[in-house]
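Structure first, then comments.
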Amino acid sequence: MSNLKNDRFLRALLLEPVDVTPVWMMRQAGRYLPEYRETRARAGSFLDLCKNPDLACEVTLQPLERFPLDAAILFSDILTVPDAMGLGLYFSEGEGPRFHNPVQDEQAVRALGVPDPEQDLGYVMEAVRTIRRELDGRVPLIGFSGSPWTLATYMVEGAGSKNFSKVKGMLFDRPDLMHHMLGVTADAVTAYLNGQVAAGAQALMIFDTWGGVLSPRDYRAFSLAYMARIVKGLKRENEGRRVPVILFTKGGGQWLAQMAETGCDALGVDWTTDLSEARRLTGGRLALQGNLDPCVLHASPQRIREEVGRVLESYGRGTGHVFNLGHGIHPDVNPDHAAALVQAVHDLSPAYH
């Protein structure tokens, strides 16, 4: 099962030598691809697409048919976990995710339990198994989850938020409740990610999309501490290989040194921190993933190539760099510009290895 034809992504995450810098893109399976929009239309809705293992596999593989990427990432959503906890996820057109049953009082917090990955999130596990079978060793498959703090923002607000007043209100007013919710959610995420590894995920990523809205003190107590707890609980070996873990806090550049202490293998870095600075802060002890500003993909292919060169130069020589965007690709990006990005990484990076 683990005879990978291209393992440079896994090798870079473990600081092993590679021939070129591996590249994949956050949200690489998505709305910027016409074939994705066609599959989603067939599925009926975004949530139906997530819950159909065959179609989730189809969209996971679509970007690999177009671009010579070095990793596939499971097509799913971070909010599958709170949905399985009984919050009733739905998507309203143009509004983003919403929950029928947000967690806004003590009773709701105390009622939260840890979903069983195979029973309550079986469609995700089945998608992982299906994708692994269809990939047939072409590239590794990344499994993922949201961080407990990021999941909690949606669980308490009941939707996305501009100022996070409800969830931060609970954090400041009832830190005991917030810690209870984060503890249960951390246990749920640990079980969920271990389930993905058992089903065939070969690397894991934890997306802390909203960690950057916290003060340094609150980030350490309410976000980082729970990600560290998850990292400690993860199964790090499967099929005779290490399963690397990537942590990514958007807007978290100032905390990279503390994130590096969690025991993860790699850190995602957004475009607001130079990779040279990230490498200095972490002492070169672990791999770094990033960090082209996604808006660069709205520029000409020539400019994309120049900016790719700048990111590669910022990281510098040696292994331990996975090229990525600093956050997800935008829905209105021209796929040819994504192709220019991948081409530029493969053309320009051998000089650094």
Side-chain angles (χ1 to χ4, degrees), residues 78-79 81-82 85 87 103-104 106 108-115 117 143-157 161 164-197 203-236 243-270 273 278 281-283 285-289:
I78 62 169
L79 299 180
V81 171
M85 292 165 112
L87 274 66
V103 183
Q104 291 173 348
E106 177 141 11
V109 171
R110 302 284 175 206
L112 291 170
V114 175
F144 73 93
S145 172
S147 72
W149 165 253
T150 291
L151 297 180
T153 64
Y154 292 97
M155 291 162 73
V156 177
E157 299 286 341
S161 175
F164 302 95
S165 51
K166 293 190 182 95
V167 70
K168 282 185 158 187
M170 185 188 287
L171 180 157
F172 291 122
D173 205 40
R174 291 292 307 274
D176 59 317
L177 274 192
M178 181 52 66
H179 280 301
H180 180 80
M181 186 187 324
L182 292 168
V184 175
T185 307
D187 292 346
V189 168
T190 305
Y192 181 55
L193 290 175
N194 282 334
Q196 290 182 41
V197 171
L204 297 172
M205 184 156 171
I206 298 172
F207 286 90
D208 186 31
T209 312
W210 298 120
V213 305
L214 293 168
S215 72
R217 178 200 67 184
D218 295 331
Y219 174 74
R220 288 191 294 272
F222 294 96
S223 182
L224 187 59
Y226 290 96
M227 290 197 286
R229 174 164 153 182
I230 291 164
V231 172
K232 282 185 179 53
L234 290 176
K235 186 178 177 197
R236 305 290 282 276
V243 180
V245 179
I246 308 162
L247 297 190
F248 174 63
T249 294
K250 185 165 182 264
Q254 59 180 316
W255 303 312
L256 289 168
Q258 290 148 289
M259 294 170 75
E261 301 299 318
T262 58
C264 65
D265 299 282
L267 296 176
V269 183
D270 71 21
T273 302
L281 285 170
T282 55
R285 292 191 313 281
L286 69 179
L288 298 174
Q289 179 174 278

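Model, not experiment: these values are computed from the prediction. The first residue in the sequence is number 1, and the count goes up from there.
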Close side-chain approach of V156 and F164, heavy atoms under 4.5 Å: no
Distance in Å, Y192 OH paired with I230 CD1, rounded so as to fall on 0.5 Å steps: 12.5 Å
Nearest heavy atoms of V231 and R236, plus distance in Å: CG1-NH1, 3.3 Å
Stepwise side chain to side chain contact (heavy atoms under 4.5 Å, CB included) check, V109 with M178: CA-CA 8 Å; V109 171; M178 181 52 66; over 6 Å; no
Side-chain heavy atoms of S161 within contact of V167, under 4.5 Å: no
Results of side chain to side chain donor-acceptor pair (under 3.5 Å) for K235 - residues two or more places apart only: N238
M227 side chain near V189 side chain, heavy-atom distance below 4.5 Å: no
For residues 243-255, tabulate all N or O donor-acceptor pairs below 3.5 Å that involve a side-chain atom, not counting sequence neighbours.
unit_1: T249; atom_1: OG1; unit_2: D208; atom_2: OD2; d: 2.9
unit_1: T249; atom_1: OG1; unit_2: Y219; atom_2: OH; d: 2.8

Side-chain heavy atoms of W149 within contact of V213, under 4.5 Å: yes
Heavy-atom closest contact (A191 atom, P117 atom, distance): O-CG, 3.2 Å
Which atom of R217 lies closest to which atom of F172, heavy atoms considered: NH2-CE2, 3.9 Å
Taking every non-hydrogen atom, the tightest pair across A278 and V269: CB-CG2, 4.1 Å
Gap separating the OG1 atom of T282 from the CG atom of L288, nearest 0.5 angstrom: 4.5 Å
Under 3.5 Å donor-acceptor, Q289 side chain and L267 backbone: no
pair M155-T185: side-chain heavy atoms closer than 4.5 Å: yes
With N194 via side chain to side chain donor-acceptor pair (under 3.5 Å) - residues at least two apart: none
Straight-line distance of R110 CZ to M181 CE, nearest 0.5 Å: 10.0 Å
Without placing hydrogens or testing angles, list every side-chain donor-acceptor pair under 3.5 Å for residues 256-264, not counting sequence neighbours.
unit_1: E261; atom_1: OE2; unit_2: R285; atom_2: NH2; d: 3.2
unit_1: T262; atom_1: OG1; unit_2: M259; atom_2: O; d: 2.8
unit_1: T262; atom_1: OG1; unit_2: C264; atom_2: N; d: 3.3

Contact summary for P115 and A188, nearest pair of heavy atoms: CD-CB, 3.6 Å
Partners passing ring-ring contact (aromatic ring centres under 6.0 Å, His included) against H179 (at least two apart in sequence or in another chain): F222, Y226
Shortest non-hydrogen separation from R229 to G183 and the atoms involved: NH2-O, 3.2 Å
Approximate separation, where rounding is to 0.5 Å, of I78 CD1 and Y154 OH: 5.0 Å
Note, I206 side chain near L193 side chain (heavy atom, < 4.5 Å): yes
Pairwise distance CE(M170) to CG(L177) - rounded to 0.5 angstrom: 6.0 Å
R174: partners by salt bridge (charged side-chain N to carboxylate O under 4.0 Å, His left out), with sequence neighbours left out: E106, D176
Between CG on residue L171 and CG on residue L182, distance to nearest 0.5 Å: 8.0 Å
